[in-house]
Enquirer: 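Here it is: the structure, laid out below.
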2 protein chains.
Amino acid sequence: MKVMKRSSAPRKDHYHHGDLRNALVENALRLVAERGPEGFSLREAARAVGVSPGAAYRHFADKAALLGALSADGHARMVATMEHALAHLPEEPGSAARAIASFLAIGAAYVEFAVAHPSHFRVMFGPCKPGEDDLACLAAQGRDTYQILVDVLDGLVATEVVLPEARIGAELPVWSHVHGLASLLVDGALTLSSSERHDALRHAGHVLLRGLGCSPGDLPAARPVTVDPRQR
Amino acid sequence: MKVMKRSSAPRKDHYHHGDLRNALVENALRLVAERGPEGFSLREAARAVGVSPGAAYRHFADKAALLGALSADGHARMVATMEHALAHLPEEPGSAARAIASFLAIGAAYVEFAVAHPSHFRVMFGPCKPGEDDLACLAAQGRDTYQILVDVLDGLVATEVVLPEARIGAELPVWSHVHGLASLLVDGALTLSSSERHDALRHAGHVLLRGLGCSPGDLPAARPVTVDPRQR
DNA sequence: ACCGTGATGTGAGCGACGCATACATTGCCA
DNA sequence: TGGCAATGTATGCGTCGCTCACATCACGGT
């Protein structure tokens with residue numbers, strides 16, 4: 001009664017998967033990207049890996065924990081995108097110009113990441129009901145991208161693009177703006193073409209820098225974008 | 001076999017409810033506020049009204065349609081909040097000061113509404129998969145609040161707080177910022193006390209107005225807010 | 001006054017879901 | 001080599017969204 005193996009094609013060679021946790025995250029990533037975070041089901045992810053639904057609960061306390069892993073992965077990818085953007089800046093003449101370019105680049109990276117991976121973005125920033133101990137983990141997730149923003153703003157002060165007194169509390173308006181634009185685009189309240197996004201980000205960067213005390217002469221040209229909400 | 005009525009207390013006097021649609025919306029509103037948009041179920045709403053689950057489908061094509069009704073209701077409440085804020089502005093000396101106060105007031109109304117009704121806000125701006133014909137309806141939802149923003153910005157130009165050339169495309173950065181702050185607060189990525197929100201909004205309004213070319217002398221004092229993301 | 005027709009609500013049911021439990025299989029280490 | 005902890009399976013419970021056949025009611029035309 002042991003020789004009933006050898007049945008159909010996709011025979012399981014190992015009872016144990018070997019790396020089920022990563023396989024689940026990987027497939028969940030794909031499924032969430034396809035069906036969105038709402039339509040995603042833990043059972044389907046397990047099915048995709050060819051494993052019983054219950055097996056997933058050996059690696060994740062519940063569905064929220066799996067999504068939490070996706071969120072962490074997303075934040076990691078986002079900092080990578082932003083750092084890549086910073087590392088591949090076109091050469092700029094002065095250090096002030098470079099600081100401004102960095103400022104614009106990380107903002108663009110933020111919303112382009114959101115537009116390119118909307119479901120992932122929603123999982124990262126969607127409602128989180130962490131189970132007490134994941135709080136530290138969750139807090140750590142946003143820290144890296146936030147630190148990049150802090151550094152870039154410090155760079156604007158160091159190159160004397162903005163004054164030290166204007167620097168205080170500058171993170172919040174900048175982050176809010178970029179996150180708001182990303183959210184509106186991801187949730188479909190607003191639709192912008194790629195070039196419109198580019199213009200909107202440059203214009204907004206212009207406005208924010210001027211608001212932080214940067215003199216207009218230092219700023220790149222920016223074309224404003226006029227929109228209607230939910231236009232079709 | 002007709003006299004088996006008169007049983008327990010909540011005896012149904014009418015087979016037909018009379019105004020089931022509104023009753024469903026009303027209870028759904030309450031349930032969404034309690035359990036959040038994710039944990040909300042159409043069945044529970046029907047149960048709350050004391051009606052069979054299938055009855056709801058006589059009035060809403062599916063769960064998304066019910067949430068769509070909630071969304072419309074939310075947008076109506078939001079414009080009411082904003083208009084109320086505009087109508088109850090403290091008296092300001094000059095028309096310019098009043099225009100600036102209006103600008104700050106609608107921003108504050110936007111995020112305070114979001115903070116006060118986070119679930120409702122999520123339903124309003126969450127992912128929408130409208131069924132083709134609801135598109136016009138959906139487009140109309142945001143229009144009123146957007147029009148208020150347009151009028152307030154026009155007011156800033158009329159009172160010469162901002163120059164006409166800076167007015168072009170000013171809606172997007174302003175809306176983005178205010179929506180971003182609201183989203184971060186609602187989704188728990190950021191936690192601010194009531195007074196911190198007040199300061200943050202004033203400071204951000206300051207930055208935006210300066211970015212739009214308003215001279216600093218015209219601006220109210222604004223205390224910046226420094227934060228850490230997901231702090232505990 | 002009546003009846004039929006359309007609107008509205010009921011009840012049962014289908015498939016899928018999240019999650020819990022008992023059991024089977026395996027790698028690993030003493 | 002034997003036993004144990006880790007890992008995966010099978011099964012089941014309660015709920016959900018949604019559908020369908022049927023019951024009940026309101027109302028208007030004759």
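Because only heavy atoms are used, hydrogens play no part in the values below, and waters and symmetry mates are left out as well, while side chains stay in.
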Enquirer: With under 30° as parallel and over 60° as perpendicular, where do the rings of B:His84 and B:His88 fit, or are they tilted in between?
Expert: parallel
Enquirer: Report the C-alpha distance between B:Gln147 and B:Asp151 in whole Å, list the side-chain angles of each, state the deciding distance to 0.1 Å, and finish with yes or no for side-chain hydrogen bond (donor to acceptor under 3.5 Å, both in side chains).
Expert: CA-CA 6 Å; B:Gln147 187 58 47; B:Asp151 293 343; 3.0 Å; yes
Enquirer: Tell me the interatomic distance from B:Asn22, atom CG, to C:dT8, atom P, rounded to whole angstroms.
Expert: 13 Å
Enquirer: I'd like to compare against my own output: the B/S/- annotation of nucleotides 13-20 of chain D with a strict under-4.0 Å heavy-atom distance to protein.
Expert: ---BBBB-
Enquirer: Donor-acceptor pair, distance only, cut-off 3.5 Å: does the side chain of A:His120 make one with the backbone of A:Leu70?
Expert: yes
Enquirer: Which one of A:Tyr110, A:Phe121, A:Phe125, A:Phe113 satisfies the ring pair (Phe, Tyr, Trp, His ring centres under 6.0 Å) criterion with A:His75?
Expert: A:Phe125
Enquirer: Does a side-chain N or O of A:His59 approach OP1 or OP2 of D:dG8 to a distance below 4.0 Å, or not?
Expert: yes
Enquirer: Look at B:Glu34 together with B:Arg30 and state whether they make a salt bridge at an N to O cut-off of under 4.0 Å.
Expert: yes
Enquirer: Determine the sole option in A:Glu26, A:Arg47, A:Glu44 for which the side chain to side chain contact (heavy atoms under 4.5 Å, CB included) test with A:Leu31 is passed.
Expert: A:Glu44
Enquirer: Rounded to the nearest Å, what distance is computed from the CG atom of residue B:Leu24 to the P atom of nucleotide C:dT8?
Expert: 13 Å
Enquirer: Once you round it to whole Å, what is the distance between C1' of C:dC17 and CD of A:Glu38?
Expert: 15 Å
Enquirer: Rounded to whole angstrom units, what separation is found between the CG atom of B:Asp19 and the C1' atom of C:dA7?
Expert: 15 Å
